[in-house]
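Because the structure is a prediction, the values reported are computed rather than measured. All values below were derived from every heavy atom in this structure, side-chain atoms included, with hydrogens, water molecules and symmetry-related copies excluded.
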Amino acid sequence: MRMRHALAAVAAAVSVAAVTAGPAQAAEYTSALKVKGVQYDAPGTDSNRCSGGNTKNEYLTIKNYSRTAKVNLKGYAVKDAAGNRYTFTANHTLEPGDYFKLRGGKGTNSDAGNVVYRQNCNFIWNNDKDTIYLLKPGGAKADVHSYTKRANDPDGNGYINYHG
């Protein structure tokens with residue numbers, strides 16, 4: 001009799017774990033900043049040359065979805081599944097509803113143009129699949145999305161829209 005109750009308890013625990021566990025992008029984090037979309041595959045043939053390459057055409061769009069709060073990006077970080085990381089070291093404040101693009105390649109950051117360059121000519125996002133982590137200062141997750149080209153990009157244009 002005790003064995004039957006023990007097995008029932010284990011089965012119940014497994015079913016609760018199966019219901020609560022899910023893919024990384026299923027979690028909803030409490031952050032005003034979220035990934036709006038990603039151009040994970042830059043148009044054309046990939047070339048990470050600093051001069052004449054197309055890494056600047058690979059970008060991540062991050063938006064402040066708050067209706068009232070301004071958010072300073074300083075200390076936020078973006079990383080991929082392999083651990084490639086970019087941390088915002090300068091002040092850049094997003095007004096409610098505002099967004100910016102984090103681009104690959106080298107360029108001039110612009111508050112007015114809402115663009116930040118990684119100052120690195122290597123691609124960060126894989127063209128077939130990857131995970132995007134947006135991390136708050138201190139490392140807590142602000143937003144996470146996993147993608148595969150086959151499942152998330154039906155038109156094959158290299159762009160995936162997340163929070164619209």
**Report entry** Fellow cluster residues of V115, listed by chain then number, with links counted only when side-chain atoms sit under 4.5 Å apart
**Finding:**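 For the cluster that includes V115, the remaining residues are Y117.
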Query - Remaining members of the apolar cluster that contains Y59, side-chain heavy atoms under 4.5 Å - result: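 Members besides Y59, by chain and number: Y159.
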**Report entry** Qualifying salt bridge (Lys or Arg N to Asp or Glu O under 4.0 Å) pairs, either residue in residues 81-90, two or more places apart
**Finding:**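 Salt bridge (Lys or Arg N to Asp or Glu O under 4.0 Å) check on residues 81-90 returns no pairs.
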Requested in this report: Return each pair, listed once, that meets salt bridge (Lys or Arg N to Asp or Glu O under 4.0 Å) where at least one residue sits in residues 108-137; pairs must be two or more places apart or across chains.
Outcome: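 Pairs touching residues 108-137 that pass the test: none.
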**Report entry** Test side chain to side chain donor-acceptor pair (under 3.5 Å) applied to N64 - qualifying residues, sequence neighbours left out
**Finding:**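 Result, side chain to side chain donor-acceptor pair (under 3.5 Å) vs N64: none returned.
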Report task. Name all residues meeting the side chain to side chain donor-acceptor pair (under 3.5 Å) criterion together with R49; count only those two or more places apart in sequence or in a different chain, and write none if there are none. Result ->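 Counting only residues at least two positions away or on another chain, R49 forms a side chain to side chain donor-acceptor pair (under 3.5 Å) with S47.
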Requested in this report: Return the set of residues passing ring-ring contact (aromatic ring centres under 6.0 Å, His included) with Y65 (not counting sequence neighbours), or none when no residue passes.
Outcome: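 Per chain and number, Y65 pairs via ring-ring contact (aromatic ring centres under 6.0 Å, His included) with H163.
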Report task. Flag yes if V35 and F123 sit in one hydrophobic cluster, no otherwise; membership is Ile, Leu, Val, Met, Phe, Trp, Tyr, and two members link when side-chain heavy atoms are under 4.5 Å apart. Result ->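 The answer is no; the residues belong to distinct hydrophobic clusters.
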Query - Single-linkage hydrophobic cluster F88~I132, side-chain heavy atoms < 4.5 angstrom - result: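 Hydrophobic grouping puts F88 with I132.
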Between atom [atom1] of [X] and atom [atom2] of [Y], what is the distance when rounded to the nearest 0.5 Å?
{"X": "Y147", "Y": "D153", "atom1": "OH", "atom2": "CG", "answer": "10.0 Å"}
{"X": "D143", "Y": "Y162", "atom1": "CG", "atom2": "OH", "answer": "9.5 Å"}
{"X": "K36", "Y": "I160", "atom1": "NZ", "atom2": "CD1", "answer": "13.5 Å"}
{"X": "Q39", "Y": "L60", "atom1": "CD", "atom2": "CG", "answer": "11.0 Å"}
{"X": "N126", "Y": "T131", "atom1": "CG", "atom2": "OG1", "answer": "9.5 Å"}
{"X": "I62", "Y": "L134", "atom1": "CD1", "atom2": "CG", "answer": "4.5 Å"}

Query raised in the report: Looking only at heavy atoms, which two atoms of S31 and A142 are closest? And how far apart?
Result: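 In terms of heavy atoms, the two residues are closest at OG-CB, 3.4 Å.
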Query - Least distance between heavy atoms, G107 atom then Q119 atom - result: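 Closest approach of G107 to Q119, heavy atoms only: O-NE2, 2.6 Å.
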Query raised in the report: Between T87 (side chain) and T89 (backbone), is there a donor-acceptor pair under 3.5 Å?
Result: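 The answer is no, because no donor-acceptor pair under 3.5 Å joins these two groups.
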Compile the donor-acceptor pairs under 3.5 Å between side chains in residues 97-104 and protein atoms, sequence neighbours left out, one pair per line.
from: D98; atom 1: OD1; to: N114; atom 2: ND2; distance (Å): 2.9
from: D98; atom 1: OD2; to: N114; atom 2: ND2; distance (Å): 3.4
from: R103; atom 1: NH1; to: K56; atom 2: O; distance (Å): 2.6

Query - For K70, all residues meeting salt bridge (charged side-chain N to carboxylate O under 4.0 Å, His left out), sequence neighbours excluded - result: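 With neighbours one apart ignored, the set is E95.
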Report task. Can you sort out the partners of N127 under side chain to side chain contact (heavy atoms under 4.5 Å, CB included), two or more places apart, ordered by chain and number? Result ->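 Side chain to side chain contact (heavy atoms under 4.5 Å, CB included) check on N127 returns D41, D46.
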Query raised in the report: Going by heavy atoms in the side chains, are K141 and L135 under 4.5 Å from each other?
Result: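 In contact.
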**Report entry** Residue pairs fulfilling disulfide bond (SG atoms under 2.5 Å apart) with at least one residue in residues 122-164, sequence neighbours excluded
**Finding:**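 Residue pairs with at least one partner in residues 122-164: there are none.
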Side-chain polar contacts of residues 71-82 - donor-acceptor pairs under 3.5 angstrom, sequence neighbours left out - could you list them?
from: N72; atom 1: OD1; to: K74; atom 2: N; distance (Å): 3.0
from: N72; atom 1: OD1; to: H92; atom 2: N; distance (Å): 3.1
from: N72; atom 1: ND2; to: N91; atom 2: OD1; distance (Å): 2.7
from: D80; atom 1: OD1; to: A82; atom 2: N; distance (Å): 3.2
from: D80; atom 1: OD1; to: G83; atom 2: N; distance (Å): 3.0
from: D80; atom 1: OD1; to: N84; atom 2: N; distance (Å): 2.7
from: D80; atom 1: OD1; to: N84; atom 2: ND2; distance (Å): 3.4
from: D80; atom 1: OD2; to: N84; atom 2: ND2; distance (Å): 2.9

Query raised in the report: Does any donor atom in the side chain of N120 or Y86 lie under 3.5 Å from an acceptor atom in the other side chain?
Result: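 Looking only at side-chain atoms, Y86 and N120 do not form any donor-acceptor pair under 3.5 Å.
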